[in-house]
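The structure appears right after this line, and notes come after that.
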Amino acid sequence: MIQERILELTEYGLVTGLVEPEDRRFTINRLLELFHLDELDDEVAAAYAKRTPMTQESAEAALEGILNEMLDYAAEDGLMPEDTITYRDLFDTKIMGMLVPRPSEVIKKFQALYQISPKEATDYFYKLSRDTNYIRRYRIKKDQKWTADTEFGTLDITINLSKPEKDPKAIAAAKLAKQSGYPKCLLCKENEGYAGRVNHPARQNHRIIPVTINHSDWFFQYSPYVYYNEHCIVFNAEHTPMKIEKATFGKLLDFVEQFPHYFVGSNADLPIVGGSILSHDHFQGGHYEFAMAKAPVEKELVFKGFEDVKAGIVKWPMSVIRISAPQKERLIELADKILLAWRGYTDEDAFIYAETNGEPHNTITPIARKNGDTYELDLTLRNNITTKEHPLGVYHPHAQYHHIKKENIGLIEVMGLAVLPSRLKEEMEILSDYIVDGKDIRSNEKIEKHADWVDEFRPKYPVINAENVDAVIKKRILEKTDAAAQSLRLLYEQKATIIKNLIVFNDTAEKKLYASETDFAEVYPFVPYQFNLLSSVLTSIRTHGASGKHLSGGERSMLALFKESAVNIMNKEMGVIVPFHRFYDALENFLDHSHSGVIIRAYDNSY
């Protein structure tokens with residue numbers, strides 16, 4: 001079994017481009033050494049050669065299963081101290097490190113592609129970071145994401161589940177482990193290729209790209225947790241604290257000049273309003289347009305001496321000044337002027353104090369973009385003052401919202417993406433069960449903190465049960481505008497025969513199809529039979545899968561699954577119908593590994 005997995009992983013490397021054909025034998029031998037094996041059996045190699053070759057898509061789908069079976073073997077053979085998530089992550093990173101090109105090779109290829117275009121260079125590096133499993137695709141796809149329409153635009157919300165929870169044995173081992181100052185933090189350049197330990201992640205599959213911004217040495221990498229598309233981190237070559245100053249604006253604008261398809265921003269440099277790592281100067285960027293970037297200027301401003309710079313107050317739930325100009329030097333000068341003015345600004349009537357007892361409170365969260373030939377800076381004014389009533393910050397979400405999140409509101413949240421703690425996944429599943437079943441929320445210590453919140457919104461929504469779940473899904477998820485409904489009715493009238501011929505069942509079980517053009521418009525992009533069938537699937541998963549026992553109540557789960565599947569095709573042309581297998585992506589998290597492994601191998605063999 002382990003020899004087959006070694007051949008599979010080597011093929012994965014070849015298909016994704018991590019391994020060159022000339023390095024195939026070398027890679028196999030390195031993996032044999034890692035697993036303390038002396039040889040590769042001829043029979044195994046001959047049998048494997050007859051298999052259908054992988055594609056990039058099937059290789060991506062197979063990786064998690066390949067690594068899990070390798071890790072199971074390593075645990076059984078005593079190659080890991082404990083069979084826990086921490087040690088499995090350390091060991092599978094070591095496995096993937098066998099496939100990753102040396103840093104010098106990655107840098108040379110990136111720089112060569114950059115000469116063609118910055119986008120080609122970042123496309124290569126982002127794909128590499130995913131193919132090496134530094135960005136774990138199979139964990140990222142488990143993240144829960146949705147949007148909320150507000151007066152400030154469409155805001156993004158996510159529960160990020162790709163960062164693994166610490167297991168008790170690893171926590172205990174970390175307490176006993178020798179404390180090390182190497183690397184000094186998770187951002188330091190010394191992480192590249194580092195083997196890791198129980199209290200520091202392995203990074204053998206990690207690569208970084210050197211960049212020069214504002215005449216200083218920095219590095220460019222991607223975040224392993226990818227909160228949004230091509231979520232990158234740009235960090236100082238030296239372990240030096242965060243600082244918002246004039247040079248910061250120059251560095252941000254220099255970066256977007258070199259990579260104009262990316263935005264880049266900096267967390268503030270003070271506690272509470274800053275990010276989680278204030279000890280190492282860094283920025284975050286990426287290839288994504290947040291709601292903040294789309295928000296209009298609601299009041300234009302003119303700064304004396306800077307009449308050539310376009311400026312205004314952005315319509316946003318925070319205090320944001322937007323400035324733009326073709327010359328980045330003019331923006332740097334004006335941004336510094338605004339920063340210094342805000343650092344010293346006090347307005348007692350508005351409860352804004354520049355400092356108290358010598359402790360500074362005012363700073364800025366800056367974000368830079370390049371739109372065509374124009375440079376743009378959004379300067380978000382921040383203040384971290386606290387009181388006895390609000391010990392986590394007067395201008396931080398107050399205590400009544402801490403049951404959802406109490407962590408810092410950093411750069412990503414400022415731009416319009418709410419990153420919620422992973423604990424909410426389990427808590428919301430339990431909470432939904434209690435709401436559907438009418439149980440006392442205050443009787444469960446895990447969710448009692450949400451009770452007051454539920455009391456506020458519960459009267460606004462109908463009771464959801466098995467009898468009305470179809471109607472609730474249609475109302476909450478599938479409701480269309482009049483124009484869209486009319487277009488769908490016309491589409492059905494034109495394509496009714498084709499649609500009926502495409503959806504045919506040969507078994508005897510009753511499966512509801514579209515009754516009319518109105519029915520098609522109401523249910524689109526789904527098919528009526530999917531409601532009952534999905535309900536049966538959920539029941540089976542809860543019955544037969546250990547992980548599935550944590551799946552929330554059937555009616556509530558159906559709402560989530562239909563919503564996620566609809567969102568996945570939201571950008572497709574009208575007429576695309578969601579096939580039933582689309583629900584598998586969302587349900588995979590709740591299948592036991594023994595079951596999902598069989599499906600992954602079947603998927604791989606289908607090619």
Side-chain angles (χ1 to χ4, degrees), residues 181 184-188 214 216 233-236 238-252 264-284 292 303 313-314 316-323 332-368 377-415 417-419 421:
K184 290 179 181 177
C185 77
L186 292 171
L187 290 179
C188 285
N214 202 41
S216 57
I233 299 173
V234 187
F235 63 96
N236 199 312
E238 302 301 321
H239 182 75
T240 186
M242 295 281 294
K243 188 176 183 181
I244 302 297
E245 57 185 351
K246 183 177 182 180
T248 303
F249 306 125
K251 292 167 186 172
L252 293 173
V264 69
S266 175
N267 270 303
D269 54 355
L270 295 178
I272 297 177
V273 295
S276 58
I277 301 179
L278 293 176
S279 61
H280 196 131
D281 200 9
H282 70 283
F283 308 142
Q284 295 183 77
M292 182 188 207
F303 289 92
I313 298 172
V314 179
W316 196 244
M318 304 180 77
S319 300
V320 183
I321 299 172
R322 178 172 295 162
I323 56 176
I332 294 168
E333 292 296 329
L334 179 53
D336 185 50
K337 179 185 176 77
I338 294 170
L339 172 64
L340 294 176
W342 176 243
R343 291 273 198 205
Y345 181 80
T346 292
D347 182 343
E348 295 185 8
D349 291 339
F351 202 76
I352 295 172
Y353 294 87
E355 57 87 23
T356 55
N357 301 319
E359 179 187 351
H361 295 304
N362 292 344
T363 185
I364 279 177
T365 298
I367 301 105
L377 276 175
D378 277 355
L379 305 173
T380 308
L381 309 183
R382 311 298 301 275
N383 180 286
N384 74 345
I385 195 167
T386 62
T387 63
K388 288 183 179 180
E389 183 183 4
H390 303 298
L392 294 184
V394 172
Y395 303 109
H396 180 85
H398 293 168
Q400 66 262 38
Y401 303 111
H402 291 176
H403 66 103
I404 297 294
K405 179 176 179 174
K406 59 166 41 173
E407 292 85 355
N408 292 5
I409 302 300
L411 169 69
I412 296 172
E413 286 84 2
V414 166
M415 294 186 293
L417 168 58
V419 181

Margin query: Could you measure the distance from the CD atom of E359 to the CG atom of L270? Nearest 0.5 Å is fine.
Written below: 8.0 Å
Next item on the list: List the atom of F283, the atom of S266, and the distance in Å for their closest heavy-atom pair.
Entry: CD2-CB, 3.6 Å
Margin query: Measuring from atom CG of N267 to atom CG of N408, what distance do you get when rounded to the nearest 0.5 angstrom?
Written below: 8.0 Å
Next item on the list: Working to the nearest 0.5 Å, report the span between CD1 of I385 and OG1 of T356.
Entry: 5.0 Å
Next item on the list: Taking H396 for its side chain and K406 for its backbone only, find out whether a donor-acceptor pair lies under 3.5 Å.
Entry: yes
Notebook entry, point to check: Where the side chain of W316 meets the backbone of V414, is there a donor-acceptor pair that is under 3.5 Å apart?
Noted result: yes
Check: Ignoring hydrogens and geometry, is there a side-chain-to-backbone donor-acceptor pair from D378 to R322 under 3.5 Å?
Finding: no
Item checked: Nearest heavy-atom neighbours spanning K184 and C188 -> CB-SG, 3.8 Å
Note to self: Students often mix this up, so state it plainly: with edges at 30° and 60°, are the rings of H398 and H390 parallel, tilted or perpendicular?
What the structure shows: parallel
Note to self: Checking N236 against H280 for the side chain to side chain contact (heavy atoms under 4.5 Å, CB included) test, could you report, in this order, the C-alpha distance in whole Å, the side-chain angles of both residues, the deciding distance, and whether it holds?
What the structure shows: CA-CA 7 Å; N236 199 312; H280 196 131; 4.1 Å; yes
Notebook entry, point to check: So do the side chains of H402 and L392 get within less than 4.5 Å of each other, counting heavy atoms only?
Noted result: yes
Next item on the list: Using a cut-off of 6.0 Å, state whether more than 12 heavy atoms not belonging to K337 lie near its atom NZ.
Entry: no
Notebook entry, point to check: Quick one: does R343's side chain have a donor or acceptor within less than 3.5 Å of a partner on A354's backbone?
Noted result: no
Check: Just wondering, more than 12 heavy atoms not from F303 lying within 6.0 Å of its CZ?
Finding: yes
Notebook entry, point to check: Which atom names give the shortest non-hydrogen contact between A335 and L377, and what distance separates them?
Noted result: CB-CD1, 3.9 Å
Next item on the list: Give a yes or no answer on whether the side chain of S279 reaches the backbone of H239 with a donor-acceptor pair at less than 3.5 Å.
Entry: no
Item checked: From CD1 (I412) to CD (Q284), nearest 0.5 Å -> 4.5 Å
Notebook entry, point to check: Can you name the one residue among V320, T380, L252 that meets side-chain contact (heavy atoms from CB on, under 4.5 Å) with I367?
Noted result: T380
Note to self: Whether the side chain of D281 engages the backbone of T240 through a donor-acceptor N/O pair (distance < 3.5 Å, no angle test) should be reported.
What the structure shows: no
Checklist line | L339 versus E245, closest heavy-atom pair with distance | finding: CD2-CA, 3.9 Å
Checklist line | Side-chain donor or acceptor of K405 paired with backbone N/O of V419 under 3.5 Å | finding: yes
Next item on the list: Look up atom CH2 in W342 and atom CD1 in I364, then write down how far apart they are to the nearest 0.5 Å.
Entry: 8.5 Å
Note to self: Test side chain to side chain contact (heavy atoms under 4.5 Å, CB included) on T365 and V273; report intermediate values, then the result.
What the structure shows: CA-CA 9 Å; T365 298; V273 295; 5.9 Å; no
Note to self: Please find the pair of heavy atoms, one from P366 and one from F249, that lie closest to each other, and give the distance.
What the structure shows: CB-CE2, 3.9 Å
Notebook entry, point to check: If you count the non-hydrogen atoms of other residues, nucleotides and ligands that lie under 6.0 Å from CD in Q400, is the total more than 12?
Noted result: yes
Margin query: Just verifying a value: how many Å separate D347 CG and I352 CD1, rounded to the nearest 0.5 Å?
Written below: 5.5 Å
Check: Per the side chain to side chain donor-acceptor pair (under 3.5 Å) rule, which among N384, N383, T386 passes with H361?
Finding: N384
Check: What is the ring orientation for F351 with Y353, classed by angle as parallel under 30°, tilted 30 to 60°, or perpendicular over 60°?
Finding: perpendicular
Next item on the list: Taking all non-hydrogen atoms of both residues into account, name the closest pair between K246 and D336 and its distance.
Entry: CB-OD1, 3.4 Å
